[in-house]
Amino acid sequence: EYSPINTVIYVRLQIPPSEDFIESVAWMSTSKCGDGSRYLNDTTWNGELEPDVSLWTCNLCPKNALCPGGRLNTWNNVQAYFGSWRENQQHRGASNFTECLAPNMCLGAPNEQLKGLYGIDPTYGIDVALISNYTEGCYRGGTGPLCSVCVNGTWRTNSFDCTKCSDPGLSVFFVGLTIFVIVVILVATIIVTIVDEETETAIDLQMVKIMVNHLVISSSTSKLPLKWSPLLRSVFNAFDVLSFSFGTGAMSLECVQTSFAWRDTLIAVALTPVVLVLLPVITLWPCRKTWATRCRLDAGTTIQVSAMIGLLLAHPSITKITLHLFACRTINEKRYLEIDFSVPCDNNDYLNVLRYALGIPMILLYCVGIPVWYFVRLWRHRDDLDAVIGKYGFLLSGFKPTRFYWELYNTVRKGLFTATTVIFLPLGARLQIWATMAVLQGFLAMETWGHPHVNPVLNAMEDLALSLDVFQLFLGLGLFFVTD
């Protein structure tokens with residue numbers, strides 16, 4: 001056995017008489033702020049050790065962050081909770097910790113408040129919110145503000161998390177297939193409108209339009225940050241196709257064009273009305289005599305009807321994607337483009353050029369101009385609507401003469417609802433949901449007051465469709481506020 005030996009060493013220090021000795025003040029240490037409610041701030045802004053110990057301070061532990069306490073309770077050991085994002089992630093300097101829009105995208109210290117919400121980790125076999133050895137940062141595919149910038153073959157869902165894309169070739173195929181289906185439905189609608197003019201067919205056409213109006217609002221509701229099940233999301237994706245919605249969700253270009261997909265989508269949408277006008281001209285006008293003799297159709301009228309139906313059906317999607325260019329979300333006092341958090345809104349010359357060159361003209365020409373143009377055309381013939389029924393039958397058939405404008409009101413209604421989901425999105429989920437609920441209630445009240453259809457069955461169908469839209473959003477609110 002060995003006995004411990006205690007040794008004391010005495011050292012004599014000699015200070016030259018020519019130098020002054022100044023006693024230093026005591027500096028802050030973890031022993032004075034190590035209880036976990038505070039931390040020792042001993043670093044500069046960029047995360048390096050502060051050389052001036054007199055500047056070391058004891059600070060309150062930031063919200064949404066874990067301070068370990070004890071001897072290791074310095075800034076470099078402060079960690080974001082699971083579900084929170086550190087703004088200054090690269091340098092780990094003084095920063096804010098913000099709750100993520102998709103908490104499962106932000107890894108960090110165990111967070112009891114999110115227990116049971118995001119499943120079990122297959123590797124560790126425990127709740128993902130309680131794993132203690134996660135490295136603080138973004139989950140795979142995520143980066144940037146709130147870990148909601150999706151890269152490396154992923155795309156951002158309506159819940160702001162990143163989902164793996166299919167094979168690039170398969171993604172292109174599905175986008176092309178969806179466009180083909182939309183074109184087929186559009187052509188069928190045009191043919192039914194032009195060829196058949198019987199009252200029964202007019203009723204059938206009105207039923208189709210009521211269904212499309214319902215699907216537009218229903219698919220827009222799916223874009224709200226509610227906890228829809230995977231099955232419901234698949235159904236809503238089908239609604240996008242059937243309601244001529246494109247540019248986001250199932251029709252996003254993020255899996256086809258990974259860089260600046262939002263810009264390419266905007267340019268494609270800016271060209272869509274031009275294509276919808278030119279396509280019937282190119283396909284019908286050169287064969288106008290054949291159309292007149294064999295099909296007994298006037299090519300000029302057919303071209304105008306085809307362009308009108310295409311523009312009105314595409315109007316909600318055009319409005320939604322155009323307004324995405326102006327919607328910004330504030331994250332830690334910095335504003336980012338809502339559709340892509342990697343794009344700052346402030347002092348961004350490129351974004352400003354797009355807004356003035358594309359955004360404002362699209363709002364004036366498409367969002368406002370399309371319904372106003374056709375309303376003026378109808379207003380001029382309001383006293384003799386039968387004279388233009390062949391050209392504007394899509395707008396007039398099935399409606400009371402005093403409600404000749406109602407189809408255009410439906411177009412504005414769809415555009416206004418989709419605009420509400422975009423404009424209020426950066427203001428937070430609760431405000432966005434209540435705003436859309438208020439708009440839907442207003443639409444239902446307007447429909448109940450107007451009852452524009454000649455056939456009472458169609459009025460009942462319209463009331464039922466809007467009531468279902470309100471009920472769907474009400475059930476979605478339950479999914480948003482329930483946490484277990």
Side-chain angles (χ1 to χ4, degrees), residues 4-101 103 105-115 127-139 142-148 330-336 341 344 346:
I5 300 177
N6 296 325
T7 303
V8 179
I9 300 177
Y10 296 91
V11 178
R12 173 177 293 179
L13 299 177
Q14 181 177 0
I15 301 177
S18 59
E19 297 184 12
D20 296 329
F21 176 79
I22 301 177
E23 183 179 0
S24 64
V25 297
W27 57 82
M28 194 66 64
S29 66
T30 54
S31 62
K32 298 180 180 179
C33 48
D35 58 357
S37 64
R38 298 181 294 172
Y39 71 94
L40 177 65
N41 185 19
D42 59 351
T43 60
T44 60
W45 168 254
N46 61 2
E48 297 179 355
L49 182 66
E50 173 58 60
D52 188 353
V53 295
S54 65
L55 298 179
W56 292 6
T57 57
C58 223
N59 294 355
L60 289 175
C61 191
K63 183 181 179 181
N64 302 319
L66 172 67
C67 295
R71 296 175 56 249
L72 299 178
N73 199 32
T74 61
W75 171 254
N76 283 331
N77 292 314
V78 174
Q79 189 178 15
Y81 277 121
F82 175 89
S84 297
W85 171 76
R86 183 198 298 258
E87 179 186 13
N88 196 359
Q89 187 72 35
Q90 181 178 0
H91 300 296
R92 299 181 63 86
S95 64
N96 296 322
F97 294 82
T98 308
E99 293 182 2
C100 292
L101 297 172
M105 291 299 300
C106 301
L107 307 180
N111 190 343
E112 289 283 347
Q113 295 182 352
L114 298 181
K115 178 182 177 180
D127 194 298
V128 294
L130 303 181
I131 296 178
S132 59
N133 59 344
Y134 266 151
T135 300
E136 179 189 308
C138 298
Y139 192 58
T143 186
L146 305 184
C147 296
S148 289
T330 300
I331 302 174
N332 288 353
E333 301 181 354
K334 297 178 183 178
R335 299 196 313 141
Y336 299 92
F341 289 164
D346 299 322

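All values below come from the heavy atoms of this structure, side chains included, with hydrogens, waters and symmetry mates left out.
- Remark: Thr143 pairs with no residue by the side chain to side chain donor-acceptor pair (under 3.5 Å) rule, at least two apart or across chains.
- Side chains of Val78 and Phe97 form a contact here, defined as non-hydrogen atoms less than 4.5 Å apart.
- Residues meeting the side chain to side chain donor-acceptor pair (under 3.5 Å) test with Lys63, sequence neighbours left out: none.
- Residues passing the side chain to side chain donor-acceptor pair (under 3.5 Å) test with Thr330: none are found, sequence neighbours excluded.
- Rounding to the nearest 0.5 Å gives a distance of 11.5 Å between OG1 of Thr98 and CZ of Arg86.
- A disulfide bridge does not connect Cys138 to Cys106: their SG atoms sit 2.5 Å or farther from one another.
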Take Arg335 and Asp346 through the test salt bridge (Lys or Arg N to Asp or Glu O under 4.0 Å) and record every step on the way to the result. CA-CA 7 Å; Arg335 299 196 313 141; Asp346 299 322; 3.1 Å; yes
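- With sequence neighbours left out, the side chain to side chain contact (heavy atoms under 4.5 Å, CB included) criterion links Leu101 to Leu146, Phe160, Arg329, Phe341.
- The salt bridge (Lys or Arg N to Asp or Glu O under 4.0 Å) check on Asp52 picks up nothing, with sequence neighbours excluded.
- Note that CD of Glu50 is 6.5 Å distant from OG1 of Thr44, once rounded to the nearest 0.5 Å.
- Between Trp85 and Gly144, the shortest heavy-atom distance links the atoms NE1-O, 3.3 Å.
- Annotation: side chain to side chain contact (heavy atoms under 4.5 Å, CB included) contacts of Gln113 (sequence neighbours excluded): Asn111.
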Decide yes or no on side-chain contact (heavy atoms from CB on, under 4.5 Å) for Trp56 and Thr30, but give the supporting numbers first. CA-CA 10 Å; Trp56 292 6; Thr30 54; over 6 Å; no
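- Listed for the Glu136 side chain is a donor-acceptor partner under 3.5 Å among the backbone atoms of Ala80.
- The minimum heavy-atom distance linking Pro110 with Ile131 is given by the pair CG-O, 3.6 Å.
- Not counting sequence neighbours, the partners of Ser31 by the side chain to side chain donor-acceptor pair (under 3.5 Å) test are Ser29.
- For the pair Tyr81/Pro103, no side-chain contact is recorded, criterion being any heavy-atom separation below 4.5 Å from C-beta on.
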Test Asn76 against Thr74 for side chain to side chain donor-acceptor pair (under 3.5 Å), laying out the working first. CA-CA 6 Å; Asn76 283 331; Thr74 61; 5.6 Å; no
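- Asn73 pairs in a side-chain contact (heavy atoms from CB on, under 4.5 Å) with only one of the listed residues (Cys61, Cys67, Ser37), which is Cys67.
- Here the straight-line distance linking atom CG of Leu40 with atom NZ of Lys32 works out to 10.5 Å at 0.5 Å rounding.
- Not a single salt bridge (Lys or Arg N to Asp or Glu O under 4.0 Å) links Arg71 to another residue, sequence neighbours left out.
- Remark: Leu72 engages Asn77 in a side chain to side chain contact (heavy atoms under 4.5 Å, CB included) (not counting sequence neighbours).
- Residues Ile331 and Pro145 come closest through the heavy atom pair CD1-CB, 4.0 Å.
- Taking Leu107 as the reference, Phe82, Tyr134, Tyr139 meet the side chain to side chain contact (heavy atoms under 4.5 Å, CB included) condition, with sequence neighbours excluded.
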